[in-house]
Each structure stands twice: as structure tokens, then as C-alpha cells.
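Reviewing the structure listed below.
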There are 2 protein chains.
Amino acid sequence: MSTAVPSRREELLAIAARLFAEKGFRNTTVRDIADAAGILSGSLYHHFDSKESMVDEILSTFQNELFGQYDEILASSEDARAKLERAVRVSFEAIDKHPHEVAIFQNDADHLGSFSRFGYLADRNTQSRQVWVTLIEEGMRTGVLRPDLDVTLTYRFIRDTVWVAVRWYRPGRGLTHSDVADQYVRILLDGIAQPSRRR
Amino acid sequence: MSTAVPSRREELLAIAARLFAEKGFRNTTVRDIADAAGILSGSLYHHFDSKESMVDEILSTFQNELFGQYDEILASSEDARAKLERAVRVSFEAIDKHPHEVAIFQNDADHLGSFSRFGYLADRNTQSRQVWVTLIEEGMRTGVLRPDLDVTLTYRFIRDTVWVAVRWYRPGRGLTHSDVADQYVRILLDGIAQPSRRR
DNA sequence: GACCCTACCAAGCATTTGCTTGGTGTGGCA
DNA sequence: TGCCACACCAAGCAAATGCTTGGTAGGGTC
């Protein structure tokens, strides 16, 4: 949660998030962050315990917000197709609003997850899997999705296609996140082949 | 090209490739590589000029092989749908045979590409884009693919969904690369929605 | 005017990093 | 037996890394 006028601490976190996203967590030095903020590296330790605690705060804040939205979708009473579509849209919205946080999670979660401090990353991963798998299974059960899908593979397909977009999507340039979501949902649900030529 | 009995040099490259893939290029130290090989870090420099030249050799060898296969597909006389399918299959085969090389390219190409020595990485990227865009446009022109696709977005969608699989696919465990390609091609071309409920 | 609080500086320390240098052991070949 | 190529060791160096310590400047409060 950021206040209207961001505190110095929040400014520094935003700078760190950008650098972590651009260069990776381990390849970003505390001197990089300090330089970008116009201060000396030691001064960062007035605001934060460690480099790890910075990325910790960045990721946990973001994930709390995101999973709150997933929970809302799961609890809604729409049909599975609509819920799937909403989940995809919420994800693209997250890429639009928090591209750095998404990039850090995509690139560094594996490495960070090996420290007990970041155990919640694995939990969130499990939780995310449950969200998608639940929606896919509900869709197959209710006849909205093909009955012959491999659930696990379909889950990975959706998860990957959505989040990997953070690699090329740039907020405010070209298509909006909503445009991209439109196209992605369309391809995901109906494919790229000409319907009349379906095999 | 590796000989039947790999030379020590090739053994060391394979060890380095595995570590670069697991931990990233910059986060892998020459001591990590040497430890895994059972020698001292300085001894690596009997075989290689630098850490960079190791990753250079790993990536360029792999890409030469891969793009040779793409060229064959483009030159064939099948229809666009068959060619697209073959290109997807060749890519999954590459993930199966060279998972470390693919992972390194996915994770470190951006960073390495900023050095002039690795300029060929950007060239290969452009070349890859041309392969996919050519096939997509041919498909749309010949009526095999929907005519309303956004070519660039579709290209990114295909590229990303294929290569990102290197994150979870493990050769020799569970589904084969051919099984995965089957499912991915199916979803890509025809979508996950129940055909009778298409909108 | 005395006191704090926030934000920062200046200097440095221990460790890790890529890489260098000069030397050693071993097997094969003449 | 002498020689050589290959693979490696032992020791270390300069730079970069995360973090620590003691201090300073400025604004607000009583």
C-alpha cells in the first residue's frame, strides 16, 4: 500500500524493483540501487535490513494484492469460461500495473525460494496452480471446455503464456493490457486455425 | 559436434552448460564449474580463454544446429499448417535434446546480447521472428489460419509458449517431447474451448 | 536552547569474483 | 632415454560485493 506522497522508503523500493527486474536480483548490487537513488550504498541500510528484505517486501506486497483478486474470481458465480477469462485479464492487468514485480517473480522466484525466508513463494505457486486447475476442471465438467484436455499441461500452458508476456509487454506503449488479453483469450479458447478447416 | 568419446574440453563445456542453465551465467562462478569438474578454477583457463568464451561456444553451437532445422522446414513444400506444426515439434525436440542451452538462451540472452561479441544473438532472434512470421502470414494467406490474427502478437504467443516450456519440461521424465508437442499444437491451433460452444 | 528524528555521508572490512603466473605429473612416441 | 603435449596445481592479485560503524546536517517540537 503506498500513500499519495510516497515516502523515501517507498521511492527506494520502487527503484530497487526496477533494477531487480532489469538485471536480476543477484546481479543488482546495493551500489547500483544507491547510485540510481543518488545516495551512497551504506545509506540504504538506514532504511532496510538487507538486500533480501527489500525484495521480500516487494514480492510479498505484490502477491497479497494479486491473490486477493484471484480469490474474488473463484468465489464468483459466473460460468467457468467467464471466470477463466477474468483470471487471464486480471493477470495481464497485473503485468501492466506491476511489471517489475512480475518480472522479479518470474526470474528469481526459483532461486529465492531456496531460502526459508521466502517459503511463501512456493505456497503462492501452489495456490496459483489450484486456482487455474480448479477453473479448468470446472470448465471440463460443465462442458465449457473440451473434455479431452490434459489438465496439468493445460494449466502450464495458460500460466506460462500469460506471465511470460512480461518479457515483451511495455505499459503505455502499443497495445493496452486489455487488447493483449482479448487476443490471448481468443487464441487460448478457440485456437489460431480457421474454424472451417478444423480437423 | 561432439565426438563419440567426448574430449575433456567438451566435458567441461557440458558441466558449464548445466550450471549456467541452473543458476544463470552471471551467478555461476568459475569456481563452481571447476568444483563440479573436480579441478581448480585456474585450470579451466588451460582449456578456455574466459567464462564468456565458454557460454559463447555453448550457445553458438546450439543455435547453428537449430536454425539449420528451421531452414529445412521453410524450404519444404508442405502447407503452412504442417510447417507450423513441424517448427513447433523441432523446437520441443531442441528443448528435449539441449535443455541447458535453451535455458541459457532464455535467461541470459538479453544480458549477453549487450556485448558486441554476442551480436549474433540478436541476429538469431530476428531470424527466428522471420521464420514464425513467414509461416503465420502464409497460413493466413492460404486460408489455413484465421484471417483476423494479429501477426506480431500471434508470433509472440507461439514463440513464448514453446520456449518457456524449458522451465518445467524434464527429458526422460513423464511426457515425451513429442507428447507435449501434440498437446501444444492442438491447443494452439484449435483452442481449449468445446467446439460446439464456440462463440 | 536543548532535544530528536530522519536521511544521509565517509571510510572501511571480510569475502567473493575472474583471471594470471610459474610450475608439476603423466602418458605416448621417437 | 629424451622429449613433448596435455591436464592440472598452488598461490595470489585487483576489483567488486554486502554490510558495518561512527559521524553530520537539517527540520520540527517542547
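Each chain gets a letter, A, B and so on, in the order its sequence line appears, and its residues count up from 1.
Taking atom CD of B:E10 as the reference point, atom C1' of D:dA7 lies 16 Å away to the nearest angstrom. One can place CD1 of A:I33 at 12 Å from P of D:dT17, the figure rounded to the nearest angstrom. Spacing between atom NE2 of A:H47 and atom C1' of C:dC5 amounts to 12 Å, rounded to whole angstrom units. For B:L12 and D:dC6, the CG to P distance is 15 Å, given to the nearest whole Å. For B:F48 and C:dG18, the CZ to P distance is 15 Å, given to the nearest whole Å. Between B:E52 atom CD and C:dG18 atom C1' there is a gap of 11 Å when expressed in whole angstrom units. Taking atom CG of residue A:D49 and atom P of nucleotide D:dT21, one finds them 13 Å apart after rounding to whole Å. Rounded to a whole Å, the CD1 atom of B:I39 is 15 Å from the C1' atom of C:dG25.
Using a 4.0 Å heavy-atom distance criterion, A:T29 is classed as a sugar-phosphate-only contact. Among the protein residues, A:S41 comes within range of the nucleic acid bases, having at least one heavy atom under 4.0 Å from a base atom.
Relative to the ring axis of B:Y155, B:R159 places its NZ or CZ within 45° and under 6.0 Å from the centre.
A donor-acceptor pair under 3.5 Å links the side-chain atoms of A:E10 to the main chain of A:S7, judged by distance alone.
In this structure, of C:dG18, D:dC8, D:dG18, it is D:dG18 that holds the atom nearest to the side chain of A:K51. Among D:dA7, C:dG18, C:dC9, the nucleotide with an atom closest to any side-chain atom of B:V30 is C:dG18. Distances were taken from every side-chain heavy atom of B:R31 (C-beta onward) to each of D:dC8, C:dC8, C:dG18; the shortest belongs to C:dG18. Of the candidates D:dC8, C:dC19, D:dC19, the closest approach to any side-chain atom of B:S50 belongs to C:dC19.
Taking hydrophobic clusters as Ile, Leu, Val, Met, Phe, Trp and Tyr residues chained together by side-chain heavy-atom distances below 4.5 Å, A:V164 does not share a cluster with A:L188.
Nearer the 5' end of DNA chain C, as judged by each residue's closest nucleotide, is the contact made by A:H46, out of B:N27 and A:H46. Projected onto DNA chain C by closest heavy-atom contact, A:L40 and A:R26 fall at different nucleotides, the more 5' of which corresponds to A:L40. With DNA chain D read from its 5' end, the first of the two nearest nucleotides for A:D32 and A:S43 is the one closest to A:D32.
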### Task
Give the intermediate values and the outcome of side chain to side chain contact (heavy atoms under 4.5 Å, CB included) for residues A:L74 and A:V131.
CA-CA 7 Å; A:L74 278 182; A:V131 170; 4.0 Å; yes
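Contact check, B:R9 against D:dC6: no side-chain N or O comes under 4.0 Å of OP1 or OP2. Considering only side-chain N and O atoms, A:Y45 lies under 4.0 angstrom from the phosphate OP1 or OP2 of D:dC19.
Between B:F92 and B:Y184, a ring centre-to-centre spacing shorter than 6.0 Å is recorded.
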